[in-house]
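One-based numbering, in listed order, for ligands and for the atoms of each. Numbers here simply count residues along the sequence, with the first being 1. Bear in mind the structure is a predicted one, so any value in this text is a computation, not a measurement.
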Amino acid sequence: MSTFTNVKIKCGLCGHTFNSVSLMSTNAFGSPDLDLRPPEMKRSTMPMWIKICPNCGYVHSDIENDGERFADYIKTADYLSCEGHSFESKLSENFYKYALILLKDSCPNEAYNAFLHAAWACDDACDFDGAVLCREKAIALGNKELFKDNPNLILRHIDLLRRAGKFSEAIALCESTEFKDKLMQKIASFQKKLSENNDTGCYRVEDCK
Ligand SMILES: [Zn+2]
């Protein structure tokens with residue numbers, strides 16, 4: 001089970017103090033999704049992964065750290081409107097804003113994760129257009145430096161491509177990457193087959209076995 005605690009938080013941007021709930025502990029049993037989204041209970045703890053200041057609207061996972069350098073940016077139309085995109089869920093919007101903050105802070109790898117988390121929140125809200133948009137934003141940040149020859153991250157990227165409907169790119173990445181691990185080979189073959197069938201569905205690692 002997941003355990004929570006009430007905490008007082010001081011915004012690192014405007015100094016406002018507010019009550020929030022923080023995650024004390026959680027667990028994950030079973031198979032992750034192919035994009036490494038964890039199973040329950042951790043799966044349902046996403047609202048605890050970031051904090052939102054109710055006074056200034058700053059969003060961050062470490063919101064108490066100094067955020068003054070973003071004071072002007074969080075007032076921009078880009079930030080306030082999620083670059084003009086509307087989402088079905090507030091959680092998607094908040095993860096998207098967090099990704100924008102991370103981009104502003106020159107942290108593209110962390111922004112990649114935040115856009116993916118925004119996509120997961122869209123998936124949960126049945127916001128199909130939002131989910132594709134957020135995956136496309138993450139995909140645009142994917143590069144060799146991000147993957148660092150880590151086959152897990154390459155497999156995750158293949159899943160993003162497929163679920164965003166970029167089937168030929170997903171197949172090309174499956175074919176151009178050598179996966180030495182047997183399970184990884186199976187996942188890559190599974191991804192290739194799904195892509196050939198134009199399947200954008202959500203699958204778990206255990207579905208490949
Ligand atoms: Zn604030």
Side-chain angles (χ1 to χ4, degrees), residues 1-28 35-38 40-143 145-146 156 160:
M1 62 180 275
S2 301
T3 56
F4 307 95
T5 186
N6 293 314
V7 288
K8 264 208 180 327
I9 286 180
K10 187 178 179 189
C11 174
L13 198 160
C14 73
H16 179 70
T17 302
F18 58 99
N19 295 315
S20 185
V21 178
S22 278
L23 185 65
M24 292 284 284
S25 65
T26 188
N27 54 36
D35 61 6
L36 307 181
R37 183 173 183 186
E40 297 292 4
M41 305 289 290
K42 190 174 180 186
R43 193 178 187 90
S44 296
T45 62
M46 282 181 61
M48 313 289 150
W49 299 0
I50 47 174
K51 301 286 181 208
I52 304 97
C53 174
N55 183 54
C56 71
Y58 177 48
V59 179
H60 209 285
S61 62
D62 292 318
I63 199 166
E64 292 191 297
N65 282 349
D66 181 14
E68 280 181 33
R69 63 192 177 284
F70 305 114
D72 291 333
Y73 182 63
I74 64 163
K75 292 176 192 154
T76 62
D78 266 2
Y79 182 78
L80 293 169
S81 72
C82 291
E83 299 181 316
H85 304 299
S86 56
F87 295 101
E88 295 292 329
S89 86
K90 197 78 187 159
L91 188 59
S92 315
E93 191 182 307
N94 288 331
F95 272 109
Y96 194 98
K97 284 182 173 175
Y98 180 38
L100 293 179
I101 291 279
L102 291 166
L103 282 178
K104 207 73 196 157
D105 217 12
S106 304
C107 299
N109 297 359
E110 289 78 5
Y112 182 106
N113 293 333
F115 279 126
L116 178 56
H117 297 163
W120 293 348
C122 289
D123 292 339
D124 290 345
C126 297
D127 181 353
F128 303 110
D129 292 343
V132 169
L133 167 80
C134 293
R135 284 188 171 86
E136 283 177 344
K137 292 289 289 189
I139 287 165
L141 297 170
N143 56 53
E145 200 189 318
L146 170 67
R156 182 180 66 162
L160 267 74

Distance-only polar pair, side chains of Ser44 and Glu40, donor-acceptor under 3.5 Å: yes

Sidechain-backbone polar pair: Tyr96 side chain, His85 backbone, donor-acceptor under 3.5 Å: no

Under a 3.5 Å cutoff, is there a donor and acceptor pairing between the side chains of Asn19 and Lys8? yes

The number of protein N, O or S atoms lying under 2.8 Å from the Zn ion (ligand 1) is 4

Do the side chains of Asp123 and Arg37 get close enough for a salt bridge, i.e. N-O under 4.0 angstrom? no

Under the criterion side-chain contact (heavy atoms from CB on, under 4.5 Å), which of Asp127, Asp129, Leu91 is the partner of Cys122? Asp127

Looking at Ile63, is its backbone amide N or carbonyl O close enough to the side chain of Lys10 to form a donor-acceptor pair, meaning the two atoms are under 3.5 Å apart? no

